[in-house]
Participant: 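Structure below; questions to follow.
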Amino acid sequence: MGSFSYIVHALPKQSWGFKMIQNRSFSSGDLVVYPAHGVGKVMSIEMQEVAGHQLQVFVISFSKNRMTLRLPMKKAQDAGLRALSTENEVQEALGTLKKRIKSKKAIWSRRAQEYEMKISSGELTSIAEVIRELYRSGDQPDQSYSERQIYQSALQRLASELAAIEAIDENQVIARVEEILQAA
């Protein structure tokens with residue numbers, strides 16, 4: 001099954017943060033973003049029998065995690081599957097890195113939970129907010145282990161999508177993001 005047209009309609013932003021999925025058709029070879037795992041590649045669209053029912057599924061490969069996901073087409077929209085971000089969304093996310101940080105007074109566990117939700121949303125701007133808030137330059141106090149872990153997770157998620165969009169190495173994206181953060 002080479003190319004199957006799958007139309008997903010725009011949804012209002014929901015409480016867990018999954019953004020719109022624009023009208024889009026996915027086919028084998030397309031790069032997509034699955035919020036829980038980042039950038040993957042649609043390997044094929046298959047019919048599979050599950051509990052006596054025929055389901056059409058996207059077979060998505062995440063090479064970085066060495067993982068293959070079989071996502072029923074009917075569940076793709078609810079799961080937040082989307083195309084790579086547009087140029088405007090990329091510019092908005094990079095602009096977010098330049099903004100001033102709002103002082104966060106909440107306890108760390110609550111902020112950490114909020115950061116994890118933003119990363120899991122798959123939205124570039126939300127991920128950029130996490131990066132901006134957790135970034136530490138050389139003259140600032142060190143981060144805790146959990147802060148570093150969340151920062152690295154957000155940075156990797158942003159870098160993997162921007163690298164896929166621009167067809168460059170993730171390390172180049174990370175260097176560019178850190179330059180933006182240092183200049184801000």
Participant: How long is the straight-line distance from CZ of Arg70 back to CD of Glu46, given to the nearest 0.5 Å?
Facilitator: 5.5 Å

Participant: Begin from the C-alpha positions of Ile131 and Tyr151 and carry the test side-chain contact (heavy atoms from CB on, under 4.5 Å) through to its verdict.
Facilitator: CA-CA 6 Å; Ile131 294 168; Tyr151 173 79; 3.8 Å; yes

Participant: Between the side chains of Arg111 and Glu133, is the shortest nitrogen-to-carboxylate-oxygen separation below 4.0 Å, so that they form an ion pair?
Facilitator: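 Judged by the 4.0 Å cut-off on N to carboxylate O distance, Glu133 and Arg111 do not form a salt bridge.
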
Participant: Do Leu55 and Met73 share a hydrophobic cluster, counting only Ile, Leu, Val, Met, Phe, Trp and Tyr and linking them when any side-chain heavy atoms are less than 4.5 Å apart?
Facilitator: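 No, because Leu55 and Met73 fall into different hydrophobic clusters, even though each may have its own neighbours under 4.5 Å.
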
Participant: Is Ile165 reachable from Val177 through a run of hydrophobic residues whose side-chain heavy atoms are each under 4.5 Å from the next?
Facilitator: yes

Participant: Please name the pair of heavy atoms, one in Ala154 and one in Val130, separated by the smallest distance, quoted to 0.1 Å.
Facilitator: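 In this case the closest contact between Ala154 and Val130 is CB-CG1, 3.8 Å.
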
Participant: Could you tell me if the side chain of Leu81 sits less than 4.5 Å from the side chain of Phe58, heavy atoms only?
Facilitator: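 Yes, close enough: below the 4.5 Å cut-off.
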
Participant: Are Val59 and Leu69 grouped together when hydrophobic residues (ILVMFWY) are joined by side-chain heavy atoms under 4.5 angstrom apart?
Facilitator: no

Participant: Does atom CD of Gln113 have more than 12 heavy-atom neighbours, drawn from other residues, nucleotides or ligands, at distances under 6.0 Å?
Facilitator: no

Participant: Is any side-chain heavy atom of Glu147 less than 4.5 Å from a side-chain heavy atom of Ser144?
Facilitator: yes

Participant: Answer yes if Val173 and Ile180 sit in the same cluster of Ile, Leu, Val, Met, Phe, Trp and Tyr residues linked by side chain heavy atoms under 4.5 Å apart, and no otherwise.
Facilitator: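 Per the 4.5 Å side-chain linkage, Val173 and Ile180 are co-clustered.
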
Participant: Hydrogens and angles aside, do Glu87 and Gln91 bring a side-chain donor and acceptor to less than 3.5 Å of each other?
Facilitator: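 Per modelled atom types, Glu87 and Gln91 side chains form a pair under 3.5 Å.
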
Participant: Check this for me: does any side-chain nitrogen of one of Lys99 and Glu129 sit under 4.0 Å from a carboxylate oxygen of the other?
Facilitator: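 No, this pair does not count.
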
Participant: Does Arg148 reach the side chain of Leu134, with side-chain heavy atoms less than 4.5 Å apart?
Facilitator: no

Participant: Output the distance between atom OG (Ser160) and atom CD1 (Ile127), rounded to the nearest 0.5 Å.
Facilitator: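 If we round to the nearest 0.5 Å, Ser160:OG and Ile127:CD1 are 8.0 Å apart.
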
Participant: Within the side chain of Asn65, is there an N or O that forms a donor-acceptor pair under 3.5 Å with the backbone of Met67?
Facilitator: no

Participant: When rounded to the nearest 0.5 angstrom, what is the spacing between CD in Glu49 and NE2 in His53?
Facilitator: 9.5 Å

Participant: Please name all residues satisfying side-chain contact (heavy atoms from CB on, under 4.5 Å) with Glu179, sequence neighbours left out, ordered by chain then number.
Facilitator: none

Participant: Using a 4.5 Å cut-off on heavy atoms from C-beta on, say whether the side chain of Glu166 contacts that of Arg176.
Facilitator: yes

Participant: Distance from Tyr115 atom OH to Ser120 atom OG, nearest 0.5 Å?
Facilitator: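 Going from the OH atom of Tyr115 to the OG atom of Ser120 covers 15.0 Å.
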
Participant: Indicate, with yes or no, if Met43 and Phe26 share a hydrophobic cluster defined by side-chain heavy-atom contacts under 4.5 Å among Ile, Leu, Val, Met, Phe, Trp and Tyr.
Facilitator: no

Participant: Between Glu89 and Thr86, does a side-chain contact (heavy atoms from CB on, under 4.5 Å) hold up when you go through it step by step?
Facilitator: CA-CA 5 Å; Glu89 291 167 328; Thr86 65; 3.3 Å; yes

Participant: Roughly how far, to the nearest 0.5 Å, is OG of Ser126 from CE of Met117?
Facilitator: 10.0 Å

Participant: Using a strict threshold of under 4.0 Å (side-chain N to carboxylate O), is an ion pair present between Glu161 and Arg82?
Facilitator: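 Salt bridge flag = yes for Glu161 with Arg82.
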
Participant: Please say which of Val39, Ile168, Leu124 ends up in a side chain to side chain contact (heavy atoms under 4.5 Å, CB included) with Leu162.
Facilitator: Leu124

Participant: With a 4.5 Å limit on heavy-atom distance, are the side chains of His37 and Lys64 in contact?
Facilitator: no

Participant: Minimum heavy-atom separation for Gly38 to Phe62, with atom names?
Facilitator: O-CE2, 3.4 Å

Participant: Under 4.5 Å between any side-chain heavy atoms of Asp169 and Gln172, yes or no?
Facilitator: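 Of all side-chain heavy-atom pairs linking Gln172 with Asp169, at least one is under 4.5 Å.
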
Participant: For Pro35 and Arg157, work out which heavy atoms get closest and say how close.
Facilitator: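 Heavy atoms only, the tightest pair is O-NH1, 2.5 Å.
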
Participant: I'd like to know if Lys118 pairs up with Glu123 as an ion pair, taking the criterion as any Lys NZ or Arg NE/NH1/NH2 lying under 4.0 Å from an Asp or Glu carboxylate oxygen.
Facilitator: no

Participant: Any side-chain heavy atom of Val57 within less than 4.5 Å of one from Ile45?
Facilitator: no

Participant: Tell me whether Arg132 contacts the main-chain N or O of Thr96 through its side chain, where contact means a donor paired with an acceptor under 3.5 Å.
Facilitator: yes

Participant: Rounded to the nearest 0.5 Å, how far apart are OG of Ser28 and NZ of Lys41?
Facilitator: 9.5 Å

Participant: Would you say Gln156 and Ile174 make side-chain contact, with heavy atoms under 4.5 Å?
Facilitator: yes

